[in-house]
Participant: 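Have a look at this one.
These numbers were taken from a predicted model, which means no experiment stands behind them. Below, all heavy atoms of this structure are taken into account, side chains as well, without hydrogens, waters or symmetry copies. In each ligand, atom 1 is the first atom listed, and ligand 1 is the first ligand listed.
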Amino acid sequence: MNKERVFSGIQPSGSITIGNYIGALSNFKEFQDDFDCLYCIVDMHSLSNEQKPSELRKNTLDLLALYLAAGLNPEKSTVFIQSHVPAHAELQWVLNSVVSVGHLERMTQYKDKAQKQSGSIPATLLNYPILMAADILLYQAKYVPVGEDQKQHIEITRDIAERFNYRYSDTFVLPEIILSKSGKRIMSLQDPTVKMSKSDENPNGSIRLLDSPDDVRRKLKRAVTDSLGNFDYNDEQLGLKNLIDIYSAFTKETVEDIVNFYKDLGYGRFKSDLGEIIAEEVRDIQVEYNNYISDKAQLEKIYREGAEKASYMAEKTLRKVYKKVGFVAR
Ligand code: TYM
C-alpha cells in the first residue's frame, strides 16, 4: 500500500535555532516509519534575503548534517537540497499563473519583511509562497510539519492547489499543516513578543543548535523574565511562559508539572536547570553533527541520492502539470 507523503523544509539562511528545532526539525523523525517523508533544505528560498555565497554553501551542508544528527535516516526518508531538483522552480513558474499579486502582497510575512527591508524589495520575497507551494505540491504531500509562523503559507498552498485543480481538473493533493505539540512558536529570549529567529541580530535572543554549551547556559541566564517573582504560566509573564514552553518541549513534561515543581524554587533555579537541559541536548546533537560534517564524501552521497529520488517523484507531477496546461511533450 502506498504511504501518505510528508514534506517539510528549512532554509539554510543562517545557523538554525532551538525554535526551528522544537517547532519543526525535532518532529521530523517521528513520521519516518509510517509515512513516505521528504525533508528538503530549501536553499532557493534563502535568496529572498541577501546571502553571502560562501555562507549559504556552508549553512546548507551544516543543515544537512543537522538533519542527520536530529535522526533523519536517508534509508527511510528522502533528504535533499532544493536547488538540486529543478522541478521546484519549473512548477513554481506555472503556479505563478494562478496567484494574484494582490494575494501575495497581503501575506503577513511579506508585509513584515518588506517593511524591514532597507533598500528595494527583491521579487523573491513576494514570490516566496509560490515556491513553497511548489515544494509541497510537487510531491503530493498530505502533511506538512512546520511551526505556526508557516500557517498562512500552507493556507495559500491549499488555495493554489484548489485553483489549479478547478481550472485544469484534479491534479494536486491538498496539504494539511501539522503543528508540534509543544512549542509551535518559540519566542526570542530577549523580547518574548517576537519570534525566535535565525536572522536575529541580537545573539542573546536565540539559541542556535551549534552554540557551545557554555553559550547556551549564559544566554539562558540572561533571558528576560519579569519582576513579579511569581512562577506561573500566563500571558502577563510572556518571558517566563516562553521558557516554560521550551522546558516542556525538551523534557516532554506538562506545563502544570513544571509550574508545580518550580513554584517554590524560583526563576533562578528554573533558568539554570533549563540551561543544563538545553546544553545537554545540543551537546548530544553536536556529537552527531561533528561525525557527519567531517565526512564530506558521505554527505555528498546522501544529497545526490536524495535528489535522484526526489527528482523521480517531482518529474512525475511536473509532466502531468505540463500536459494539463497545454505544453507540448518533450
Ligand atoms: P524557516 O527556515 O524559517 O523555519 C524552519 C521551520 O522552523 C519553524 N520555526 C519555528 N517554530 C517554532 N518557533 C519558532 N520561533 C520558529 N521559527 C521557525 C518554521 O515554522 C519552519 O517549520 N518557508 C519555510 C521553509 C519552507 C518550507 C517549504 C516548509 C520552504 N518550503 C515547504 C515546509 C514545506 C521557512 O522559511 O522556514
Side-chain angles (χ1 to χ4, degrees), residues 5-28 31 37-49 51 56 59-60 62-63 66-67 70 80-83 85 88-89 91-92 95 107-110 112-113 124-125 127-158 160-161 175-200 205-209 241-243 245-246 248-250 310 314:
R5 292 239 169 98
V6 166
F7 183 99
S8 197
I10 300 179
Q11 291 189 64
S13 52
S15 188
I16 67 166
T17 70
I18 58 165
N20 302 123
Y21 182 68
I22 295 171
L25 181 56
S26 67
N27 309 311
F28 290 175
F31 300 95
C37 299
L38 292 113
Y39 294 118
C40 184
I41 294 160
V42 291
D43 54 348
M44 287 160 65
H45 275 98
S46 297
L47 295 189
S48 56
N49 290 110
Q51 300 291 327
L56 181 57
N59 287 334
T60 301
D62 273 357
L63 189 50
L66 284 170
Y67 273 18
F80 70 107
I81 298 172
Q82 187 185 30
S83 63
V85 181
H88 290 246
L91 180 61
Q92 194 241 358
L95 297 180
M107 299 293 289
T108 317
Q109 209 169 84
Y110 171 74
D112 288 351
K113 291 195 171 169
T124 40
L125 198 58
N127 285 307
Y128 182 108
I130 312 181
L131 181 59
M132 179 156 164
D135 296 340
I136 298 166
L137 300 180
L138 256 185
Y139 301 98
Q140 309 288 6
K142 175 84 180 143
Y143 300 110
V144 187
V146 281
E148 197 171 47
D149 61 328
Q150 298 301 315
K151 201 165 166 221
Q152 208 181 23
H153 287 149
I154 307 300
E155 282 161 9
I156 196 175
T157 301
R158 288 174 67 89
I160 291 170
E176 289 168 27
I177 190 169
I178 307 234
L179 292 172
S180 106
K181 282 163 222 93
S182 52
K184 50 189 187 284
R185 191 177 185 84
I186 300 299
M187 311 309 277
S188 157
L189 300 184
Q190 290 298 308
D191 178 359
T193 64
V194 301
K195 175 185 89 161
M196 184 181 285
S197 154
K198 288 184 217 101
S199 54
D200 191 345
S206 61
I207 291 176
R208 308 201 179 251
L209 284 192
K241 184 178 183 212
N242 185 43
L243 296 182
D245 279 336
I246 297 174
S248 171
F250 278 110

Participant: Compute the shortest N/O to N/O distance between D135 and ligand 1 and return yes if it is under 3.5 Å, no if not.
Facilitator: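 N/O-N/O distance below 3.5 Å exists for this pair.
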Participant: Between G147 and ligand 1, is there a nitrogen or oxygen pair with a distance under 3.5 Å?
Facilitator: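 There is such a contact, yes.
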Participant: In the protein, which heavy atom is nearest to atom 11 (N) of ligand 1, and how far is it?
Facilitator: G19 O, 3.2 Å
Participant: In the protein, what heavy atom is nearest to atom 25 (C) of ligand 1, and what distance, to one decimal place, separates them?
Facilitator: G9 O, 3.6 Å
Participant: Which ligand 1 atoms are under 4.0 Å away from a heavy-atom of R185?
Facilitator: 12 (C), 13 (N)
Participant: Considering only heavy atoms of I136, which atoms of ligand 1 have at least one such atom less than 4.0 Å away?
Facilitator: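 Result: 32 (C), 34 (C).
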Participant: What protein heavy atom lies closest to atom 2 (O) of ligand 1? Include the residue and the distance to one decimal.
Facilitator: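 Its nearest protein heavy-atom neighbour is K198 NZ, 2.6 Å.
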Participant: Does a side chain donor of either Q51 or S46 reach within less than 3.5 Å of an acceptor in the other side chain?
Facilitator: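 No, no side-chain donor-acceptor contact under 3.5 Å.
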Participant: I need the atoms of ligand 1 closer than 4.0 Å to a non-hydrogen atom of I10, numbered in the order shown.
Facilitator: 2 (O), 5 (C)
Participant: I need the atoms of ligand 1 closer than 4.0 Å to a non-hydrogen atom of A24, numbered in the order shown.
Facilitator: 6 (C), 7 (O), 22 (O)
Participant: Do Q92 and N127 have side-chain atoms, one donor and one acceptor, less than 3.5 Å apart?
Facilitator: no
Participant: Hey, is the main chain of R185 close enough, under 3.5 Å, to the side chain of E148 for a donor-acceptor pair?
Facilitator: no
Participant: Which protein heavy atom lies closest to atom 13 (N) of ligand 1, and at what distance to 0.1 Å?
Facilitator: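 For this ligand atom, the closest protein heavy atom is I186 N, 2.8 Å.
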Participant: Okay, side chain of D112, backbone of Q109: is any donor-acceptor separation there less than 3.5 Å?
Facilitator: no
Participant: Do any nitrogen or oxygen atoms of E148 lie less than 3.5 angstrom from nitrogen or oxygen atoms of ligand 1?
Facilitator: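 In fact, backbone or side chain, E148 has no N or O that close.
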Participant: What atoms of ligand 1 come closer than 4.0 angstrom to any heavy atom of V144?
Facilitator: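 Listed by number with element, the hits are 33 (C), 34 (C).
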Participant: For atom 4 (O) of ligand 1, what is the nearest protein heavy atom, given as residue, atom name and distance?
Facilitator: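 Closest protein heavy atom to atom 4 (O) of ligand 1: N20 ND2, 3.2 Å.
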Participant: For atom 28 (C) of ligand 1, which candidate among Q109, K151, M132 holds the nearest heavy atom?
Facilitator: M132
Participant: How long is the gap from CD1 on I18 to CG on L189, to the nearest 0.5 Å?
Facilitator: 6.0 Å
Participant: Atoms of ligand 1 less than 4.0 Å from Q11 heavy atoms?
Facilitator: 2 (O), 35 (C), 36 (O)
Participant: Tell me which protein heavy atom sits closest to atom 23 (N) of ligand 1, plus the residue, atom name and distance to 0.1 Å.
Facilitator: Y128 OH, 2.6 Å
Participant: Is a side-chain N or O of S48 found less than 3.5 angstrom from the main chain of Y128, in a donor-acceptor match?
Facilitator: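 The answer is no, because no donor-acceptor pair under 3.5 Å joins these two groups.
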Participant: So which heavy atom in the protein is nearest atom 19 (C) of ligand 1, and how far is it from that ligand atom?
Facilitator: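 That would be D149 OD1, 3.3 Å.
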Participant: At what distance is the nearest protein heavy atom to atom 37 (O) of ligand 1, and which residue and atom is it?
Facilitator: Q150 NE2, 3.8 Å
Participant: So if I count the atoms of ligand 1 from 1 in the order they appear, which ones are less than 4.0 Å from some heavy atom of F7?
Facilitator: 32 (C), 34 (C)
Participant: Please examine the side chains of T193 and M187, heavy atoms only from C-beta on, and report whether any two atoms are closer than 4.5 Å.
Facilitator: no
